[in-house]
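Data first, discussion second: the structure below is written as structure tokens.
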Amino acid sequence: MEKDPFFASAGKSKRKARKPTKFQRKTKREKREDVIGTEENLVDSDVELPSDNEEDRDETIVKETAAERRVRMAKDVIHQIEEQEREKQLDGELLNDAVAHRLRQEVDKEKGMLRRELAKRMVGLEVNSSDKIISRGHRLPVTSVAISNSMEYFVTASKDGTIIKWSIGGIKVHVWMRRTRNNHYGHQGAVLCVAIDDSNKYLATGGDDAMINIWDFNTHAHVKCFRGHRRAVNGLVFRKKSLQLYSASDDRTLKVWNADALTYVETLYGHQDTVLAVGALHRERALSCGGRDRSLRLWKIVEESQLVYSGSGVSMDCLTMVSEFHFVTGNQNGSISLWDMNKKKAVSTRSRAHGANNWISAVAAVPYADIFASGSRDGFVRVWSIGEKNKHNITPLFSIPENGWINSLAFSHDGTMLVAGVGKEHRLGRWDVQKEAKNGGRVYTLLASEDDEHHLKTSGVEHKEEIGDDEDEDDDEEIEDDDDEEGEEDKDDYDGGKKSSITTHVIKGPTRIMDDDNEDEDDEELEEEDDGDFIDDDEDDDDE
């Protein structure tokens, strides 16, 4: 019987092999790597092996512990200091003493215990206001100023939304314009604050558009725009020798940013009203004042806690840090207060520092020194000295005539120059317009009577015992409440005092001392709270 040809052909058919899937196929790069690997295997004998010396060096680097690395770095620092001191033709015991003195200064500076005496250098100086440099720039009042650590440039910001970089001689270097359809970088409204880091790498600016812009200070290029605040940014500050940035805003929060990695870090909660100013020095801490909530807060970033200081019913508008343990605030009632970190209330207050009915609009201090400056609308920039150790008295040094609102002040790091931002109106509003004033920046060169370096004075054992271990043990600190007394001084007390020699560069654009011995002292414990909890400080007013 013959088979059906249909079934015969079907039986002989064979299944074709499957093609490799796209995952099983080798790419051209993999095939090329296989060929290269084959060639390398063929010429293995030509490869040079590392020598014994290189292996020993690598093993030494790997075996170095963290402690050994710190010792090696310390030896390098001591060697550098010795080379610098040898250039002064020192040898033997004099060289060892000089190196030890330099090392003690560095340690005390890091701990915030180094005090530079600058007030003595400003004795017997005269005012010289004839030397002025005038340049056109901002159309509206200047709101903030900052000076670079190299003292070669300074920056001014204005309500017109522009930011200008100037040379210290008053020459315009660069202008950052406000954001428009053609300019996609910049601020949409008024610029309220500026800050420059110590390395002169970045410039940070904040405005009422709730944005923080980071600019390259040297190339003037836009680097990053930080968006996180919901309302206007009132204050910016870089931590010393770091790119950590703190910002204060109308949304009642502070934010921590990392300008090096260009990232957001965290938000600090606690204020019950707009945060008007923020300050910082070397430690990982920030100081802020909350305006109408009448509180001053020291934020411990690492410990995740905060210290709350009572304003005694006074709204604080501006602040500056003198050292890690002392700071100054300017108040709406016209007084200036000096604070100690270990005391809950101000240790000294100067009432009516700029006359009656003139609230303090700006304060600035030379870090780790004994002088600070304040500004208002009374027509003067006033420079003050701070008493030594436990005296805590505020004494006027001299005054610099200047019409208009002093909206911002900034000292150079060595205290030889003072930059002021002047406007016809306050930086946050249009109260009391000064028509005779001229919008712009001012640079005052303070010519001291001595040409040598700053006199350095390190606080002794008494100061160390006073501050104690403040980082971990804040619950056992005693708080002394100083009774505030009001007084009035004639204007001649300021203008009739010591004179100063001032060289003024103009960049134009479109009382009494509290007594040391308090009559009534109430011991309290400094209240420390976790983030987010508010401490009502009005209860302490009943003790006064």
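Keep in mind that the numbers below use all heavy atoms, side chains included, and drop hydrogens, waters and symmetry copies.
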Are any non-hydrogen side-chain atoms of [X] and [Y] less than 4.5 angstrom apart?
| X | Y | answer |
| --- | --- | --- |
| His271 | Ser288 | yes |
| Phe411 | Ile147 | no |
| Trp384 | Ile336 | yes |
| Leu446 | Thr416 | no |
| Ile212 | His229 | yes |
| Glu402 | Val422 | yes |
| Asp250 | Val233 | no |

[X] (side chain) donor-acceptor with [Y] (main chain) under 3.5 angstrom:
| X | Y | result |
| --- | --- | --- |
| Asn258 | Leu262 | no |
| Ser158 | Gly161 | no |
| His426 | Leu428 | yes |
| Asp251 | Arg230 | yes |
| Ser408 | Val145 | yes |
| Ser337 | Thr349 | no |
| Trp176 | His220 | yes |
| Ser315 | Gly291 | yes |
| Gln306 | Tyr269 | yes |
| Arg239 | His282 | yes |

Closest approach of [X] to [Y] (non-hydrogen atoms, all atoms of both residues):
| X | Y | answer |
| --- | --- | --- |
| Phe238 | Ala204 | CE1-CB, 3.8 Å |
| Gln332 | Trp359 | O-CB, 2.9 Å |
| Ala410 | Ala146 | CB-CA, 4.4 Å |
| Arg116 | Pro367 | NH2-O, 2.8 Å |
| Leu203 | Ile196 | CD1-CG1, 3.8 Å |
| Asp208 | Ala232 | CA-CB, 3.5 Å |

Atom [atom1] of [X] and atom [atom2] of [Y]: how far apart are they, to the nearest 0.5 Å?
| X | Y | atom1 | atom2 | result |
| --- | --- | --- | --- | --- |
| Phe380 | Asn403 | CZ | CG | 9.0 Å |
| Arg121 | Ile371 | CZ | CD1 | 9.0 Å |
| Asn333 | Met316 | CG | CE | 10.5 Å |
| Ile360 | His354 | CD1 | NE2 | 4.5 Å |
| Ser374 | Leu409 | OG | CG | 7.5 Å |

(request) Could I get the full list of side-chain hydrogen bond (donor to acceptor under 3.5 Å, both in side chains) partners for Ser361, not counting sequence neighbours? (result) none
(request) Could you check Asn200 against Asn218 for side chain to side chain donor-acceptor pair (under 3.5 Å), going step by step and ending with a plain yes or no? (result) CA-CA 8 Å; Asn200 299 328; Asn218 300 311; over 6 Å; no
(request) Mind running side-chain contact (heavy atoms from CB on, under 4.5 Å) on Trp339 and Val347 for me, showing each step along the way? (result) CA-CA 6 Å; Trp339 300 77; Val347 296; 5.9 Å; no
(request) Starting from the C-alpha separation in whole Å, work towards a yes-or-no answer on salt bridge (charged side-chain N to carboxylate O under 4.0 Å, His left out) for Lys255 and Glu266. (result) CA-CA 6 Å; Lys255 289 186 182 296; Glu266 63 176 321; over 6 Å; no
Flag if over 12 foreign heavy atoms under 6.0 Å of [atom1], [X]:
| X | atom1 | result |
| --- | --- | --- |
| Arg179 | CZ | yes |
| Met151 | CE | yes |
| Asp216 | CG | yes |
| Arg292 | CZ | no |
| Tyr264 | OH | yes |

(request) Only counting residues at least two apart or in another chain, list the ones meeting ring pair (Phe, Tyr, Trp, His ring centres under 6.0 Å) with Phe226. (result) Trp257
(request) For side-chain contact (heavy atoms from CB on, under 4.5 Å), just list the numbers for Asp370 and Leu118, CA-CA rounded to whole Å, side-chain angles, deciding distance to a tenth of an Å, and then say yes or no. (result) CA-CA 6 Å; Asp370 59 348; Leu118 302 181; 3.8 Å; yes
(request) Output every pair passing salt bridge (charged side-chain N to carboxylate O under 4.0 Å, His left out) with a member in residues 424-437, not counting sequence neighbours, ordered by first then second residue. (result) Lys159-Glu425, Arg377-Asp432, Glu425-Arg430
(request) Taking the six-membered ring of Tyr309 (Phe, Tyr or Trp), confirm whether the NZ or CZ of Lys344 is under 6.0 Å from its centre and within 45° of its axis. (result) no
(request) Evaluate side-chain contact (heavy atoms from CB on, under 4.5 Å) for His187 paired with Ile163, printing each intermediate quantity in order. (result) CA-CA 10 Å; His187 292 276; Ile163 308 154; 4.2 Å; yes
(request) Any chance you could lay out the side-chain contact (heavy atoms from CB on, under 4.5 Å) test for Val443 and Leu418, step after step, and finish with the verdict? (result) CA-CA 6 Å; Val443 179; Leu418 174 64; over 6 Å; no
